[in-house]
Amino acid sequence: MDAVLIDSMGGDLTAVNAARVSFAKKKDVLDEKDERLIRYLANHGHVSPFFHIMLQFRITAPIFVARQWYRHAVGFARNEESRRYIRDEPSVFHPTHWRSKPEGSIKQGSGGVHWASDNWKGEYQVLVDFSTTMYNRMIEEGIAPEQARMVLPQGTETSWVETASLFAYARLCKERIQPDAQAEIRDLAEVINKACRKVAPVSWKYLVEGETK
Ligand SMILES: Cc1cc2nc3c(=O)[nH]c(=O)nc-3n(C[C@H](O)[C@H](O)[C@H](O)COP(=O)(O)OP(=O)(O)OC[C@H]3O[C@@H](n4cnc5c(N)ncnc54)[C@H](O)[C@@H]3O)c2cc1C
C-alpha cells in the first residue's frame with residue numbers, strides 16, 4: 001500500500017494570488033500578511049483559492065481500502081487499472097498483525113493485536129495461496145480475466161492515478177486520519193497528508209490542522 005506523488009501544481013502563493021486577483025494584486029514571495037490571508041480564507045470557508053493547488057498521485061491499496069477511498073468523490077479525478085485486461089498474478093495486502101474486535105464502541109473498528117494474530121497470518125496465507133493459484137489456473141485454462149478475478153480476496157491490491165486539489169485532499173485527510181477511521185486507510189491518508197504538507201505547508205496547516213492563532 002503506497003501513494004507516490006507524480007506531479008503537483010502550485011503552492012501557498014498560488015492560493016494567495018488566486019485570492020488577490022479580485023484586487024488585481026500578485027506577489028512573488030510569501031510573507032506574514034499572506035499567511036494571515038490563508039488563515040482567514042481557510043477559517044471562513046473561502047476555499048476556492050485552494051482549488052488551484054493540484055496534486056497527482058499513483059496510489060496502490062487493497063480493494064477494501066480503495067472502496068472507502070473512492071467514497072471521497074467530489075473534486076477527484078481517478079483512473080484505475082482493470083483486472084478485465086490485466087492477467088498477471090495480483091499482489092495481495094498482508095497486515096503486519098491481526099487486530100481484535102473493539103472492546104468498547106463498535107464504531108471504533110478494532111482494538112489491539114489479537115492474541116492469535118500469528119496463527120491468523122498463517123491461515124490468511126493459505127487462503128491467499130489457494131485463491132491466487134485458482135486464479136492463475138483459470139487464466140491458463142482460458143477463463144476470461146473479468147470473471148476469474150471473482151476468486152481473489154478483498155485484500156488484493158489495485159492501483160490508480162488520482163488528481164485533486166489541495167482542498168479536496170484536506171477534506172479527505174481530515175476524515176481519514178482520525179482515530180475512528182480504519183487503521184489501513186489511516187496509513188494511506190498519512191502518506192497523502194505528508195505530501196500535501198510539503199507542497200503547501202501554510203495552507204495545509206490551516207485547512208487540516210485547523211490552527212487559528
Ligand atoms: C469513519 C468513517 C466511517 C464511515 N462509515 C461509512 C459506512 O458505514 N457506510 C457508508 O456508506 N459510508 C461510510 N463512510 C463514508 C462517508 O459517509 C462519506 O461518504 C465519506 O466520508 C466521503 O465524504 P463526503 O460525502 O463528504 O465526500 P464527497 O462525496 O467527496 O463529498 C464532498 C462534499 O460535497 C457535498 N456533496 C457531495 N455529494 C452531495 C450531494 N449528493 N448533495 C449535496 N451535497 C453533496 C457534501 O458537502 C460533501 O461533504 C464513513 C466515513 C468515515 C470517515
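Numbering starts at 1 and runs along the sequence shown.
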- prompt: Is the number of heavy atoms from other residues, nucleotides or ligands within 6.0 Å of CD (Glu103) greater than 12?
  reply: no

query: Does a sphere of radius 6.0 Å around CZ in Phe130 hold more than 12 heavy atoms from other residues, nucleotides or ligands, not counting ones at 6.0 Å or beyond?
result: no

- prompt: Do any N or O atoms from the side chain of Ser117 and from the backbone of Val113 form a donor-acceptor pair under 3.5 angstrom?
  reply: no

message: Whether the side chain of Glu35 engages the backbone of Asp31 through a donor-acceptor N/O pair (distance < 3.5 Å, no angle test) should be reported.
response: no

field: Side-chain heavy atoms of Thr14 within contact of Met9, under 4.5 Å
entry: no

- prompt: How far apart are the closest heavy atoms of Trp160 and Glu80, and which atoms are they?
  reply: CB-CA, 3.7 Å

- request: Please check if the side chain of Ser22 supplies one atom and the backbone of Ala19 the other of a donor-acceptor pair under 3.5 Å.
  value: yes

- prompt: Just wondering, more than 12 heavy atoms not from Lys194 lying within 6.0 Å of its NZ?
  reply: no

message: Does any part of the side chain of Met1, heavy atoms only, come nearer than 4.5 Å to the side chain of Asp187, both counted from C-beta?
response: yes

message: Between Gln125 and Lys121, is there a side-chain heavy-atom distance shorter than 4.5 Å?
response: no

- request: Answer yes if Leu172 and Phe64 sit in the same cluster of Ile, Leu, Val, Met, Phe, Trp and Tyr residues linked by side chain heavy atoms under 4.5 Å apart, and no otherwise.
  value: yes

- prompt: Is there a donor in the side chain of Thr60 and an acceptor in the side chain of Asp2, or the other way round, less than 3.5 Å apart?
  reply: no

Can you give me every donor-acceptor pair (side chain of residues 49-59, partner residue at least two apart or in another chain, under 3.5 Å) with its distance?
| from | atom 1 | to | atom 2 | distance (Å) |
| --- | --- | --- | --- | --- |
| Gln56 | NE2 | Thr163 | OG1 | 3.0 |
| Arg58 | NE | Ser159 | OG | 2.7 |
| Arg58 | NH2 | Ser159 | OG | 3.0 |

field: Whether His44 and His46 hold their rings parallel, tilted or perpendicular, with breakpoints at 30° and 60°
entry: parallel

Distance (rounded to the nearest 0.5 Å) between Phe76 CZ and Arg71 CZ: 13.0 Å

message: Looking at every non-hydrogen atom in both residues, tell me the closest pair between Glu89 and Arg83 and how far apart they are.
response: C-NH2, 4.1 Å

task: Please report the closest heavy-atom contact between Pro153 and Ile63, naming both atoms and the distance.
output: O-CD1, 4.4 Å

message: Nearest 0.5 angstrom please: Asp129 CG to Tyr124 OH, how far?
response: 11.0 Å

task: Supply the atom-to-atom distance Ser203 OG to Asp12 CG, rounded to the nearest 0.5 angstrom.
output: 3.5 Å

query: Between CE of Met134 and CE of Met150, what distance do you get to the nearest 0.5 Å?
result: 12.5 Å

message: Strictly below 4.0 Å, N to O, side chains only: are Glu184 and Arg176 in salt-bridge contact?
response: no

task: Is it possible for you to say whether Leu166 and Val161 belong to one hydrophobic cluster, with membership spreading through side-chain heavy-atom contacts below 4.5 Å?
output: no

query: Considering only heavy atoms from C-beta outward, does the side chain of Ile177 approach that of Val208 to under 4.5 Å?
result: yes

- prompt: Shortest non-hydrogen contact from Val191 to Ala3?
  reply: CG1-O, 3.4 Å

query: Would a 4.5 Å heavy-atom cut-off, applied to side chains only, mark Leu37 and Arg20 as touching?
result: yes

query: Arg99 and His114: side-chain contact (heavy atoms from CB on, under 4.5 Å), yes or no, with the steps?
result: CA-CA 5 Å; Arg99 301 185 295 275; His114 189 269; over 6 Å; no

task: Measure the CD1-OG distance between Ile6 and Ser8 for me, rounded to the nearest 0.5 Å.
output: 11.5 Å

- request: Give the minimum heavy-atom separation between Pro145 and Arg84, together with the two atoms involved.
  value: CB-O, 3.7 Å

message: Quick check against the 3.5 Å criterion: does Thr132 have a side-chain atom that pairs as donor or acceptor with the backbone of Val128?
response: yes

- request: Indicate yes or no: at least one non-hydrogen side-chain atom of Gln154 is less than 4.5 angstrom from one of Pro62.
  value: no

- prompt: Do Glu146 and Tyr85 come within less than 4.5 Å of each other through their side chains, counting heavy atoms only?
  reply: no

field: Val65 reachable from Leu152 in the ILVMFWY side-chain graph, under 4.5 Å edges
entry: no

field: Over all atoms of both residues, closest heavy-atom pair of Ala168 and Gly75
entry: CB-O, 4.2 Å

For residues 137-144, please give each side-chain donor-acceptor pair under 3.5 Å, one per line with the distance, not counting sequence neighbours.
none

message: Please confirm whether the ring centroid of Tyr169 lies under 6.0 Å from the ring centroid of Trp204.
response: no

field: Pair Tyr135, Arg87: side-chain N/O donor-acceptor within cut-off below 3.5 Å
entry: no

- prompt: Below 4.5 Å, heavy atoms only, C-beta onward: do Arg197 and Glu209 meet side chain to side chain?
  reply: yes

Interatomic distance, Glu175 atom CD to Ile185 atom CD1 [nearest 0.5 angstrom]: 9.5 Å

